[in-house]
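See structure below.
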Amino acid sequence: MSNRPDVVRTSTADLYDAHVLKNYGRPALTLTRGSGSWVWDDQGGKYLDFTSGIAVSALGHCHPHWVASVQRQAGELIHVSNLFRNPNQGELARRLVGYAGPGRVFFCNSGAEANEGLLKLARLHGATKAGGQEGVCYKVICAKGAFHGRTFGGMSATPQEKIQKGFRPLVPGFAFGEINDLASFEALIDDQTAAIFIETIQGESGVTPATTEFLLGLRVLCNKHNLLLMLDEVQCGVGRTGKFYAFEHAGVRPDAIGMAKGLGGGFPIGAIWIGEKAAELFQPGMHGTTFGGTPLACAAALAVLDVIERDKLLDAVTRQSPAWHAALKQLAVDFPAQVADVRGRGYLVGVQLTSDPAPFAAALREAGLLVPLSGNNVFRLLPSLTATTAELARSVEIIRGVLTSRAGG
Ligand SMILES: Cc1ncc(COP(=O)(O)O)c(C=O)c1O
C-alpha cells in the first residue's frame, strides 16, 4: 500500500495485476520491511531471506552503516553525470582496483550492463589483433549453461532457449564450449576469436563452479592465442564465496571482470574492472552511461566495502561455510529420494532435488524460508554475508522439516 494520501488505496496484488508488465512469474507475496537476514510481508509474516534479492543484499536488509551512508550522501549530492568527477567514484575505483589488481574501473548500473562493457572490450581487443580492422576478429567463446543477462549481448552469450526464444536474430560471434572441459574451448579457438568469457560459478543453471584446473587452463589458452580472459562475477563476486572475487580461489588472473549485484548492497550499481593494458583500449567517447557511478550509488557500494572489511565478513563466510555445507550435504544423505546433490561455494549454494523445485520452494516459503530457483531442479541458498551461524542453522532446519513432511515422516 502506498503511504501517499492522494493515492487510491488498492491492494498491491491488484495494482500488479492491472499495471505491471507480466514478464515475471511470482508467488503471491508482498514484502514491506526488512532487517538483517529477515523480511516481513504485508500480512505480518516473517521470513528468513536466503534469496537476498538474488545475491544482492550483501549486508542483509537495512544495515545501519549502509543506511547512514546512503542517507548522508542523499542529503549532500546524488547525481552529477559522468561529465564531471565525483569523489566517491574515484574512491570506489581505488578500492576495487585494490581487490582486483592494477587496472581501471568503469561504473554502470546492472550486471547485464557490466557484461555489455566486457563484450565491447572484446571487440576492441579483436580489432587491435586484426591490425585495426573491425569485423574480422570478434568471436567470444562462452560456456553452455551460462547466464550473462537479458540485453542483446548478454542474451547472445547465454545459450538457453528460454532466454533467447522470441528475440532472434541475436548478436553474431558467440561460440559455446562445455564448462570445465578445456578441450571443448580449445577446439573453438580460431583466428576470429577475441576473448573467452565465463562465469566463475554458473549461478542460474544449477550452480556449477568452474574448477581451478579449468580456469588456469583457460588462462594458458588465452595467453597462447592472445585472447582476453573475461570473468562474469556478477553473482559470485563481492565476497559471496569468502574471497572478494570467486576466481581468487583458483589463483587465476583475468584480464577483465564484470560485477554488480552485491556491490551496492541493494542500490543498483555495476562495474567492470579491466587490467592495465586492455584498459587503454577505451578512449574518450567510446563508452558511457548516464547513471554510472553516481555519488549516491558509490556511497552505497563504499558502505558495503566498509562493512565487509571492518567486520571481516570474508573470514566469517569462510569460517561458517563448512559446517553449514556439511549440514546441507547431510540432507542429501538422509533424503536421497528427494535431494540429488548439494554444491557451491561459500554463500552461493545449490540444492539439487530429484524433482521440480518450484513446489518445494513454495513449501519452504510456507515454512518461513525464501529461496530463489535455479536451473536443473536446483534451488539456491544465498544468505547475506552478515548471516549468523544461528540463521544458517535455521535454514537447514526448515529445509529438513519440509523434506521430512514430504517424505511422509
Ligand atoms: C552471472 C550473471 N551475470 C549477469 C547477470 C545479469 O545481471 P542483471 O540482472 O543485474 O542485469 C546475472 C543476473 O542474475 C548473473 O547472475
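As the structure lists them, so they are numbered: ligands from 1, and atoms in each ligand from 1.
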Side-chain donor-acceptor contact under 3.5 Å, [X] with [Y]:
X	Y	value
Asn88	Gln73	yes
Gln320	Thr389	no
Gln160	Ser205	no
Gln338	Thr354	no

Atom pairs and distances, ligand 1 N/O vs protein N/O under 3.5 Å:
| unit_1 | atom_1 | unit_2 | atom_2 | d |
| --- | --- | --- | --- | --- |
| ligand 1 | 3 (N) | Phe147 | O | 3.4 |
| ligand 1 | 3 (N) | Asp232 | OD1 | 3.4 |
| ligand 1 | 3 (N) | Asp232 | OD2 | 2.7 |
| ligand 1 | 7 (O) | Ala112 | N | 3.4 |
| ligand 1 | 10 (O) | Gly111 | N | 2.8 |
| ligand 1 | 11 (O) | Ala112 | N | 2.8 |
| ligand 1 | 14 (O) | Glu204 | OE2 | 3.4 |
| ligand 1 | 14 (O) | Lys261 | NZ | 3.2 |
| ligand 1 | 16 (O) | Gln235 | NE2 | 2.8 |

Quiz item: Mind checking what makes side-chain contact (heavy atoms from CB on, under 4.5 Å) contact with Asp356, not counting sequence neighbours?
Solution: Ala358, Pro359
Quiz item: Distance from Met155 atom CE to His148 atom NE2, nearest 0.5 Å?
Solution: 13.5 Å
